[in-house]
Amino acid sequence: MQNQEIVKIIENLKGRKNYEEKRASKLGFASLYDYFEDKISKKQKVLEEEQKELETRKADDQQKASKKSCSCC
């Protein structure tokens, strides 16, 4: 089953389609669909990692705030 988001991206390439096809073949992908599928999965992975990092920073900040016992520091 094909992802509709990827199909829309490919349909909207217009003049850049040849460029993207050459780039995909140069990087070793069998099709333009596979290339964009990989590209989207990498973006999602980066977003997930950034979200995890943000959550750990929030947890660290909360721990630091709770450790302060007086308001003078």
Side-chain angles (χ1 to χ4, degrees):
M1 185 173 163
Q2 292 186 340
N3 186 344
Q4 293 301 318
E5 182 181 356
I6 297 172
V7 173
K8 284 183 181 181
I9 291 170
I10 293 172
E11 288 174 356
N12 291 329
L13 285 175
K14 297 182 183 176
R16 294 188 343 249
K17 189 171 184 176
N18 287 335
Y19 168 78
E20 294 293 348
E21 285 175 341
K22 287 178 186 178
R23 186 170 177 92
S25 65
K26 183 178 179 182
L27 294 173
F29 291 97
S31 68
L32 199 54
Y33 183 88
D34 293 337
Y35 171 67
F36 280 107
E37 189 174 42
D38 183 62
K39 206 171 182 182
I40 289 173
S41 69
K42 285 182 181 178
K43 282 183 184 179
Q44 288 176 343
K45 196 174 195 179
V46 168
L47 289 174
E48 289 172 2
E49 289 173 1
E50 288 177 354
Q51 186 176 6
K52 287 179 185 178
E53 187 176 317
L54 182 64
E55 289 173 0
T56 56
R57 285 184 185 174
K58 283 183 181 179
D60 289 344
D61 290 344
Q62 288 176 353
Q63 288 177 352
K64 287 179 183 178
S66 65
K67 286 184 180 179
K68 293 182 181 179
S69 60
C70 65
S71 62
C72 63
C73 299

Enquirer: Consider side-chain contact (heavy atoms from CB on, under 4.5 Å). Of Lys17, Glu21, Lys22, Arg23, which one does Tyr19 pass it with?
Expert: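 Among the candidates, only Arg23 passes.
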
Enquirer: Is the shortest side-chain N to carboxylate O distance from Glu49 to Lys45 below 4.0 Å?
Expert: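 Judged by the 4.0 Å cut-off on N to carboxylate O distance, Glu49 and Lys45 do not form a salt bridge.
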
Enquirer: Check the pair Asp61 / Arg57 against salt bridge (Lys or Arg N to Asp or Glu O under 4.0 Å), numbers first and verdict last.
Expert: CA-CA 6 Å; Asp61 290 344; Arg57 285 184 185 174; over 6 Å; no

Enquirer: Hey, is the main chain of Lys8 close enough, under 3.5 Å, to the side chain of Asn12 for a donor-acceptor pair?
Expert: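 Yes, because the side chain of Asn12 sits within donor-acceptor range (under 3.5 Å) of the backbone of Lys8.
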
Enquirer: Looking at Ser31 and Ala24, what are the two nearest heavy atoms and their distance?
Expert: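 Heavy-atom minimum between the residues: O-CB, 4.3 Å.
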
Enquirer: Evaluate the side-chain proximity of Tyr33 to Asn3: yes if any heavy-atom separation is below 4.5 Å, no if none is.
Expert: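 Result yes, sub-4.5 Å side-chain heavy-atom pair found.
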
Enquirer: Hey, are the side chains of Gln51 and Leu47 touching, using non-hydrogen atoms and a 4.5 Å cut-off?
Expert: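 A side-chain contact is absent here, since even the closest heavy-atom pair is not under 4.5 Å.
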
Enquirer: Between Leu32 and Leu13, is any pair of side-chain heavy atoms under 4.5 Å apart?
Expert: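 In short, these two side chains touch, coming nearer than 4.5 Å.
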
Enquirer: Find out whether Phe36 and Lys39 are in side-chain contact, i.e. whether some heavy atom of one side chain is under 4.5 Å from a heavy atom of the other.
Expert: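 Phe36 reaches Lys39 side chain to side chain.
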
Enquirer: Between CG of Asp34 and CG of Leu27, what distance do you get to the nearest 0.5 Å?
Expert: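 Asp34 atom CG to Leu27 atom CG measures 12.5 Å (nearest 0.5 Å).
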
Enquirer: If I take atom NZ from residue Lys42 and atom CD1 from residue Ile40, how far apart are they, to the nearest 0.5 angstrom?
Expert: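 CD1 of Ile40 is found 12.5 Å from NZ of Lys42.
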
Enquirer: What's the spacing between Ile9 CD1 and Tyr35 OH if we round to 0.5 Å?
Expert: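 Going from the CD1 atom of Ile9 to the OH atom of Tyr35 covers 11.0 Å.
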
